[in-house]
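Start at 1 and go down the list; that is how both ligands and their atoms are numbered. The first residue in the sequence is number 1, and the count goes up from there.
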Amino acid sequence: MKLLITGGAGFMGSNFIHHILEKYPDYSVINLDKLTYSGNLDNLKDLEGNSRYRFVEGDICDATLINSLTVDVDVIVNYAAETHVDRSILAPLDFVRTDVMGTQTLLEAVRKNKVKKMVQISTDEVFGSIEDGKFTEESPFEPNSPYAASKAGGDLLCRAYHVTYDVPVIVTHSCNFFGPYHYPEKFIPLAITNLLTGKKVPVYGDGNQVREWIYTKDHCSAVDATLHKGKIGEVYNISTEDERKNIDVIQLLLQILGKDESSIEYVTDRPGHDRRYAIDSSKLRNDLGWDPEYKFEDALVKTVTWFQNNESWWKKIIETTDYQAYFKKQYPTL
Ligand code: TYD
């Protein structure tokens, strides 16, 4: 099988490329990535010289490029996206461009070049916040951030292209993920890298917001299941259904790293901050036989260890990029 994986130099895309090349010796991958601030070829250094892997620098909005790359691929897995809520509050247009228009460009290429399947990687955030119960695949979209709205736009285009043009697409909505190569602007890697450098962890609002967390390897196996066994035109929620309050995640990290509560800094809440995400993943489990393997606590220890052992990877990012731009703007005195 020949795959085009977009956004493959990012956190989840690079983990998935490793997963595919390790698990399927006869598969080959083209990695298309725009190398924005979060795209990092260091994530794929070990693949240099691998005859089953090719990197192309480019934008999913570039229809000519996408058209030429998809002439003879079997499958597209679309990881390319602007994903950080805080950045979407500062610069929403970048999100609309990549997450909506980029997805449409890919769908058009699938249609024209008769690609056999496209898997759209998306988020639980499209459903908005839920006080009790869980969102299912049928729940209406009620996005609250420009990020969530732009992902919802892309996902709706997937649906429309399937219904209107019979384009073979599957959409996945995942809970929050974490693990190796996670860009250190997101909550867990930001907390780990701050604690490792003697800084405090900024906790938005009261820290009682609830998220479900999935380890990278479990997310890869879930996408693998949808890619190989998923039904065309269907939507699958990906989730561990293991809910954690932000503050409890931080307490665990403090424990793992031998720190105390003085490393916590409560800061002004994010505007429009969703209180709780919770999705029902029984369709993926029952229909495709998927189950997560990793317990949250164990995976968190693995992740901390990875950051401890790969200091040069994240220190280079911290020193050379503006990943805390939002934070500096929002909290100039901290
Ligand atoms: P994040 O990793 O940005 O993912 P998302 O907002 O898409 O769920 O944030 C996870 C949670 O952590 C979210 O409730 C916001 C909160 N958070 C903080 O409390 N402090 C931080 O510095 C960051 C980045 C996030």
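- Evaluated by nearest non-hydrogen atom to atom 1 (P) of ligand 1, the leading choice among Arg211, Arg270, Glu185, Arg276 is Arg270.
- Among pairs with a residue in residues 91-131, those fulfilling ring-ring contact (aromatic ring centres under 6.0 Å, His included) read Phe127-Phe135, Phe127-Phe141, Phe127-His173, at least two apart in sequence or across chains.
- Only side-chain heavy atoms of Asn176 come within less than 4.0 Å of ligand 1; its backbone N, CA, C and O stay farther off.
- Near Asn246, meaning under 4.0 Å from any of its heavy atoms, are these atoms of ligand 1: 11 (C), 12 (O), 13 (C), 14 (O), 16 (C).
- A donor and an acceptor atom, one from each side chain of Tyr277 and Glu125, are located under 3.5 Å apart.
- Remark: the Arg87 side chain and the Tyr37 side chain contain an N/O donor-acceptor pair separated by less than 3.5 Å.
- Closest heavy-atom approach to atom 14 (O) of ligand 1 among the candidates Gln209, His273, Glu125, Arg275: His273.
- The distance criterion of under 3.5 Å between nitrogen or oxygen atoms is not met by Tyr147 with respect to ligand 1.
- No N or O atom of Val203 sits closer than 3.5 Å to an N or O atom of ligand 1.
- Which parts of ligand 1 touch Pro202 is read off a 4.0 Å heavy-atom cut-off, strictly below it: atoms 18 (C), 19 (O), 20 (N), 21 (C), 22 (O).
- Atom numbering of ligand 1 starts at 1 in the shown order; those under 4.0 Å from a heavy atom of Val85 are 6 (O), 7 (O).
- Within a 6.0 Å radius of NZ in Lys217, no more than 12 heavy atoms belonging to other residues, nucleotides or ligands are found.
- Side chains of Asp86 and Tyr204: a donor-acceptor N/O pair is present below 3.5 angstrom, by distance only.
- Side chains of Asn237 and Ser239: no donor on one and acceptor on the other come within 3.5 Å.
- Atom numbering of ligand 1 starts at 1 in the shown order; those under 4.0 Å from a heavy atom of His84 are 3 (O).
- Only the side chain of Leu190 comes within 4.0 Å of ligand 1, counting heavy atoms alone; its backbone N, CA, C and O stay farther away.
- Close approach of ligand 1 to Lys186 is summarised as follows: ligand atoms under 4.0 Å from at least one heavy atom of the residue are 2 (O).
- Pro292 pairs with exactly one of Asp242, Thr240, Ile238 by the side-chain contact (heavy atoms from CB on, under 4.5 Å) rule, that one being Thr240.
- Under the 4.0 angstrom criterion for non-hydrogen atoms, Tyr277 is in contact with ligand 1.
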Contacts table for residues 248-255: side-chain donor-acceptor under 3.5 angstrom, sequence neighbours left out:
from	atom 1	to	atom 2	distance (Å)
Gln251	NE2	Glu261	OE2	2.8

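- Of the N or O atoms in Phe187, one or more lie within a sub-3.5 Å distance of an N or O in ligand 1.
- Lys302 has no carboxylate O lying under 4.0 Å from a charged side-chain N of Glu297, or vice versa, which leaves the two without a salt bridge.
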